[in-house]
Amino acid sequence: MSTAVRIEKTGATGLVILNAPPVNALGQGLRAGLIQAVEALNADPQVEVISIYGEGRALSAGADIREFGQAPQAPNLPVVLNAIEASAKPVVITLHGVALGGGLELCLACHARVALPSTRLGLPEVTLGLLPGAGGTQRLPRLVPLEIALEAVTTGRQFSAEEALAAGLVDRLADGTPHEVALQAAADVLSSALETRRTSDLKADVDQALIAGAVARLSDRRPVLSAPIKAAKAISHAAEPIESGLKAERSLFLELMESPDRQGLVHAFGAERAVRKIPETGTPRNIASAGVIGGGTMGVGIATALLTAGLSVTLVETTLERAESACLVVAKNLDGAVKRGKLTQALRDENLQKLTPAVDYDALADCDLVIEAVFEDMAVKTEIFSKLDRICKAGAILGTNTSYLDVNQIAAATTRPEDVIGLHFFSPAHVMRLLEVVVADKTGSDVVATAFALAGRMKKVAVRSGVCDGFIGNRILAHYRKSADYMLLDGADFDQIDKALEDFGFAMGPFAVADLAGLDIAWANRKRKAATRPPEERYSAIADRLCEAGSFGRKTGSGFYTYGSGKARSVNPDAEAAVQAERQAEGIEPRSFSDEEIVSRYMAAMISEAVRVLEEGIAQRPVDIDAVFLFGYGFPRHLGGPLNYADRIGAANLVSRIESYAKEDPYFWQVPALLRNMAETGQRFAGLNKENTDGS
Ligand code: CAA
């Protein structure tokens, strides 16, 4: 018998206990163990009922994602689940923690389901580019109304145990440990207090028109993702006898398993977890209280994120009035979280009690962590850090939220550079998941470990970055953003560029993003760098012209686009005029660009700079860069991040693209040495990650 499954017998009850830490993923050992256990208990004359439950934090998180892409190992999950459903003796299952994907499909194949009230249930396969391939699309609509089944398989949404009970997905809720509940459930089956039946004996109420409507809506979305469409189509087979429905489901599932979107989405799942593996092994410091300097958008967002992670926060501004009004914005942010169901009213009140406005830096003396979030000016920042050095207690961590300034220089303003670290949040800081942890030359290993632990408490994805102008994300952004400016100069319209990239999968194109971020911010940055701009570099002054005319984007109602009250944007004729004027001034004969060329150039620019960031050791692994873009820059999740996407194109293709663009602009389009080397040796970025994150 596999070690992942254990049998315990109590009277007429045969308990089958799953034990594959951390989340009882249904790997080969667990699958084989399950089938053996059910067979053994069916053959045991003492046993009248079989009761399954899981050891540890969850019943099961579904198929073992680490097996994706490997040669299939028998028995496969459908075979196991069909055998369980066919069991002559009744099989009841207890759900706790989570029952997701194949874990929930296991429940559907059992003859009765009892859940602990805190269980979360769902079929998240679609978020991994898959559909439930072990009967989920056939058995679920036999138990719950079609609308609910469609929602579950096409969105991957998780359901609470109460919702599951109301829908008919579980038969009852029960309190206790999984072991106690499993024993009681078995006793109830024996006494007929809990009814058992095979799900496949039930009839699904399949309204084909409803499914066709869902398929049509999903096909209209951009980008078009095949997993939700195929999941909906699989449900339409639930009208057939179970054997033929299962066959149709399996064949759609196998098609998806081979799709590049599946690889990209699984990589994105793995990236979120892989970035936690950092070289620093220090023990995290204890962080209970924090100070935030600066009550602007960033400071307020950071204070909100820290409060919701359970810290007490002192918010420092230049006047008490400003500090208090910043605290009011924090309260508004927390109210928003309550409205979105992310926070209870009681917890919101408790959090707010822990927020203190202050003017004097002395109020930060006892804080375990201080994060500076004032405007980007090195002189101001070094002054703040030398002040913090004098005031803060020994062992306090001093963080800066700078988005591009030199953290080594900031650290040098203190006598304790080992305590100084960059904590680059993304706006709005209480919503965006990315946190770049910028490790300076002297940052202590325990300080890095503390930053990662804190990110976990804030439910953020922390990525380790070295020091350079813009760190991982903004440095790469600054480069590929220029490729969009050059295409605009050379003849592509900004709305065509935006639309091409939005169709490709970005939430917003670069000009729409620039309007949202504020054209004045990038303008200030360009002015800062003007003196050091290399003479060979092309420069587009289009955005400068808009700024000179007072058009800063959304905040002024116009930028590249004009904005009304809603979300809709329309092309700003003044921006079009600025484009024409700039082309004329530069003597450019505009040419047309296909959408494909726009995407190709934009991605080649992004990947080139990403490779340089990797070569220089600013990012440690390709997956770190992928995570930065997935969680901070709206990179299309199904493409897995810039370097995961680069593997789809292939290093050799990328080199030849860059070389062909370099004929017009050899300064901007340079082939990074690492990429050239990869092209020559046939290496992939996936091979440079320390672990396989995507089952490819
Ligand atoms: N397979 C393999 N490993 C898994 C896993 C899975 N299905 N789910 C989680 N893990 C691993 C994680 O990678 C992580 O490993 P490390 O500690 O080495 O990083 C560990 O379990 C703990 O996971 P988290 O850090 O994510 O812990 P959490 O408490 O934040 O979340 C969870 C737990 C809700 C289960 C979350 O991990 C999750 O959502 N897992 C994926 C669930 C899923 O999508 N299942 C469907 C799989 S596809 C399928 O089942 C269909 C089929 O038939 C093929």
Side-chain angles (χ1 to χ4, degrees), residues 4 18 20-31 34 54 56-70 72-73 75-82 95-109 118-140 152-153 155-160 227 230-231 234 246 249-259 262-263 265-278 433 452-453 455-462 623 627 637 689-695:
L18 315 186
V23 289
N24 288 323
L26 290 155
Q28 195 276 339
L30 215 153
R31 294 195 303 273
L34 258 174
R57 60 203 252 205
L59 172 69
S60 173
D64 190 333
I65 293 170
R66 290 163 303 185
E67 286 184 357
F68 288 5
Q70 293 181 7
Q73 293 181 65
N76 73 21
L77 194 56
V79 166
V80 176
L81 302 194
N82 291 343
L95 292 73
H96 83 284
V98 294
L100 297 175
L104 184 57
E105 290 178 298
L106 164 65
C107 302
L108 300 176
S118 56
T119 313
R120 309 282 308 169
L121 302 83
L123 293 171
E125 285 85 346
V126 76
T127 64
L128 300 174
L130 288 168
L131 56 80
T137 65
Q138 304 306 300
R139 292 193 178 98
L140 188 63
V153 303
T155 67
R157 178 170 90 77
Q158 289 187 11
F159 292 78
S160 67
K230 287 194 167 150
L246 288 174
E249 176 197 78
R250 192 70 187 163
S251 113
L252 289 164
F253 171 83
L254 291 174
E255 282 170 30
L256 289 174
M257 198 51 138
E258 295 307 314
S259 79
R262 190 284 293 162
Q263 186 274 342
L265 287 164
V266 173
H267 179 72
F269 175 86
E272 183 175 343
R273 287 148 185 88
V275 290
R276 296 179 201 150
K277 291 168 187 149
I278 49 167
R433 295 205 62 212
F452 273 78
R457 287 167 70 185
M458 292 188 288
K459 301 199 166 50
K460 296 210 178 289
V461 179
V623 70
R637 196 172 162 96
N689 286 322
K690 292 195 176 66
E691 58 187 82
N692 178 355
T693 49
D694 54 26

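Counting starts at 1 for both ligands and their atoms, following the listed order. The figures that follow rest on heavy atoms only: side chains count, while hydrogens, waters and symmetry mates do not.
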Filtering Arg262, Arg273, Lys277 for the heavy atom nearest atom 37 (O) of ligand 1 leaves Arg273

For Gly62, the ligand 1 atoms with a heavy-atom partner under 4.0 Å come out as 50 (O)

If we number the atoms of ligand 1 from 1 as shown, the ones under 4.0 Å from a heavy atom of Phe253 are 54 (C)

Would you say atom 50 (O) of ligand 1 has a protein heavy atom nearer than 4.0 Å? yes

* Show your reasoning for whether salt bridge (Lys or Arg N to Asp or Glu O under 4.0 Å) applies to Glu105 and Arg139. => CA-CA 8 Å; Glu105 290 178 298; Arg139 292 193 178 98; over 6 Å; no

Candidates Ala63, Gly156, Pro22, Ala61; heavy atom nearest atom 45 (N) of ligand 1 found on Ala61

### Query
Any non-hydrogen atom of Arg57 lying under 4.0 Å from ligand 1?
yes

In terms of heavy-atom contacts, Thr137 and Glu249 come closest through OG1-OE2, 2.6 Å

Scanning both residues in full, the closest heavy-atom pair of Ser259 with Gly129 reads OG-O, 4.4 Å

Looking at atom 17 (O) of ligand 1, tell me if a protein heavy atom falls under 4.0 Å from it. no

Of all protein heavy atoms, the one nearest atom 39 (O) of ligand 1 is Leu100 CD1, 4.0 Å

- Query: So, Arg157 side chain and Ala152 main chain: donor-acceptor pair closer than 3.5 Å or not?
  - Reply: no

Within the 4.0 Å heavy-atom cut-off, what Glu105 brings close to ligand 1 is side chain

Here the salt bridge (Lys or Arg N to Asp or Glu O under 4.0 Å) pairs for residues 124-138, sequence neighbours left out, are none

heavy-atom search around atom 1 (N) of ligand 1 in the protein gives Ile65 N, 2.9 Å

Notebook entry, point to check: Would one find an N or O of Gly103, backbone or side chain, under 3.5 Å from an N or O of ligand 1?
Noted result: no

Ranked by distance from atom 25 (O) of ligand 1, the top protein heavy atom is Arg276 NH1, 3.1 Å

Paired with Pro132, the side chain to side chain contact (heavy atoms under 4.5 Å, CB included) test is passed by just one of Leu77, Leu123, Leu104, Leu140, namely Leu123

Do Asp64 side-chain atoms and Gln28 backbone N/O form a donor-acceptor pair below 3.5 Å?
no

protein heavy-atom neighbour closest to atom 9 (C) of ligand 1 works out as Val23 CG2, 3.6 Å

the protein heavy atom lying closest to atom 38 (C) of ligand 1 turns out to be Phe269 CE1, 4.0 Å

message: Quick one: does any side-chain atom of Arg31 pair with a main-chain N or O of Gln73 as donor and acceptor, under 3.5 Å?
response: yes

